[in-house]
Number of protein chains: 2
Amino acid sequence: MNRRGLDLMKCKLLSHSPLEVDDLAAIDALHYEQRRLEAGSYILREGDPSKICPVLFSGFAFRHKITANGGRQIVAVKMPGDALDFQSIFVRHADHCLQALTQIEIATVRIEDIERLFVDYPNIARAIVVDIVIEASIGREWLLNIGRRNGFTRIAHLLCEIHFRLAITGTGLLADKLPLTQEQLADLLGLSPVHVNRCLKALELRGAIVRQGRSVRIRDLGALRSIAEFTDLYLHSDDS
Amino acid sequence: MNRRGLDLMKCKLLSHSPLEVDDLAAIDALHYEQRRLEAGSYILREGDPSKICPVLFSGFAFRHKITANGGRQIVAVKMPGDALDFQSIFVRHADHCLQALTQIEIATVRIEDIERLFVDYPNIARAIVVDIVIEASIGREWLLNIGRRNGFTRIAHLLCEIHFRLAITGTGLLADKLPLTQEQLADLLGLSPVHVNRCLKALELRGAIVRQGRSVRIRDLGALRSIAEFTDLYLHSDDS
DNA sequence: CGCAGCATTGACAGGGGTCAATTGGCGTGG
DNA sequence: CCACGCCAATTGACCCCTGTCAATGCTGCG
């Protein structure tokens, strides 16, 4: 069976926390069920009780919340190797929805198994919490991004972030195309789809990105970084 | 010596996590130094190494981040009883600034002492992580608030949140006045000070709040809740 | 090859930002 | 106890960024 997903997760955890051989062995020994989900499938809905902790093998997923009058805000994006819901270990109900962005493959691990790892393996426990803390840090940067940067800069910043986060497990956005529609970008950035389109056009005029068909690709990472004044400190990628 | 602050913290932790007698005793045995800080004092700056974990005895504090061109965004507000920086246990450098909002009293505990609690007392470890997870959940709601609600609704939502969070340790905002200037409200909500003023005026016209002098007070919590479509699910106040 | 859904564009409007002047509250010093 | 000065709040004028609406192009898929 394909274990690439768990390897990616180990890679992610190792990027910020020191794990020993027996820690890694314990992760390898995890029992899980692999499933493939179509783009748009719900993995978890707001208010659901916590039962599983899915790990993302391939594809992208996201968390979102919805306003009473229908406004949707994406509050986190998850990438291959990410554990999708460590927090279920700690609270009874989900405070947001978790949904597949592209077609994805996930491994569902029973929450009790993760809890056992948390109790029995201090290094893993720490790695899990570091993971939660880093996601929170990314959330804070998003608050700054949405609250205090204009559309143009905001998009540039997001593209930088996705690039650097993908780089942690090997690839970056320079190589791949962005797996987000403009409507999803809009929900992610607190903008309207139309305005996202305008800003993307402006970024292309500046030579920072290329658009071909329905896909976006980074062309000049340096330009993008300087537009966004991007620093990757908040990703804590070399912290321990 | 005044132990009211640590009692408040125990109260906060107990509101979401079951702690036993010996857990509470371990907290009581913590060695700490009490300090008083003026409004505006920095407790921690972005990039600082992690050395201490302050607990807020009285007054309010906040986290903020700054854009390269000077825009400031407040990304969290902390209230009496809150531990201000559990996350320092897990990452090497601060990714944001931590500052006193009003005059405050804090107890500084050495990070090693908290780490020891984390390792030796599983219940406390869990309570600490739950605390981190809840702060992250609040951050997600703020993303929704800033990204998808207009100024008027956005302020109403914030006032509701502060009221309910204060209620966890006994008081609510109905009784007290809001300890935030309009400029701070602006930085908190991703608005301009002028627009905050306009929205507050509108909220007063609706009868939801009262303003006297420089202070804001909730007058009709029900009205405020229905304007903001407020639910306190994301505060996880009765989760375990 | 035709349809469905996303992307693109223009026109227009409004929420919210900016600037600047004025008011008002409150602490401080005389 | 009053006057002064500072800082926050308030207000009006103006404009731009961004949202909304609607029409038109694309493009990938069945």
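Hydrogens, waters and symmetry mates play no part in the numbers below; they use all other heavy atoms, side chains included. A, B, ... follow the sequence lines: proteins, then strands. Residue 1 opens every chain.
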Worksheet entry | CZ/A:Arg198: more than 12 non-hydrogen atoms of other groups inside 6.0 Å | yes
Closest listed nucleotide, where the reference is the side chain of [X] and the choices are [options]:
X	options	answer
B:Val194	C:dG5, C:dG24, D:dT11	D:dT11
B:Ser192	C:dG25, C:dG17, D:dT10	C:dG17
B:Arg214	D:dC7, D:dC17, C:dG16	D:dC7
B:Thr181	C:dA7, D:dA8, D:dT20	D:dA8

Short question: side chain of B:Gln103, backbone of B:Gly59 - any donor-acceptor pair under 3.5 Å? no
task = Please determine, by modelled atom types, if B:His16 and B:Asp131 share a side-chain donor-acceptor pair under 3.5 angstrom.
result = yes
TODO: State whether the distance check finds a donor on one side and an acceptor on the other, under 3.5 Å, for side chain A:Arg198 versus base D:dG19.
DONE: yes
Under 4.0 Å from OP1 or OP2 of [N]: is there any side-chain N or O of [X] that close?
X	N	answer
A:Asn197	C:dT8	yes
A:Lys201	C:dA7	no
B:Arg211	D:dT10	yes

By nearest-heavy-atom nucleotide on DNA chain C, the more 5' of A:Gly213 and A:Arg148 is A:Gly213
Item to complete: Identify whether any heavy atom of A:Leu191 sits under 4.0 Å from a base atom; if not, whether one sits that close to sugar-phosphate; answer base, sugar-phosphate or nothing.
Response: sugar-phosphate
Rounding to 0.5 Å, atoms CZ (B:Arg154) and CG (B:Asn145) come to a distance of 6.5 Å
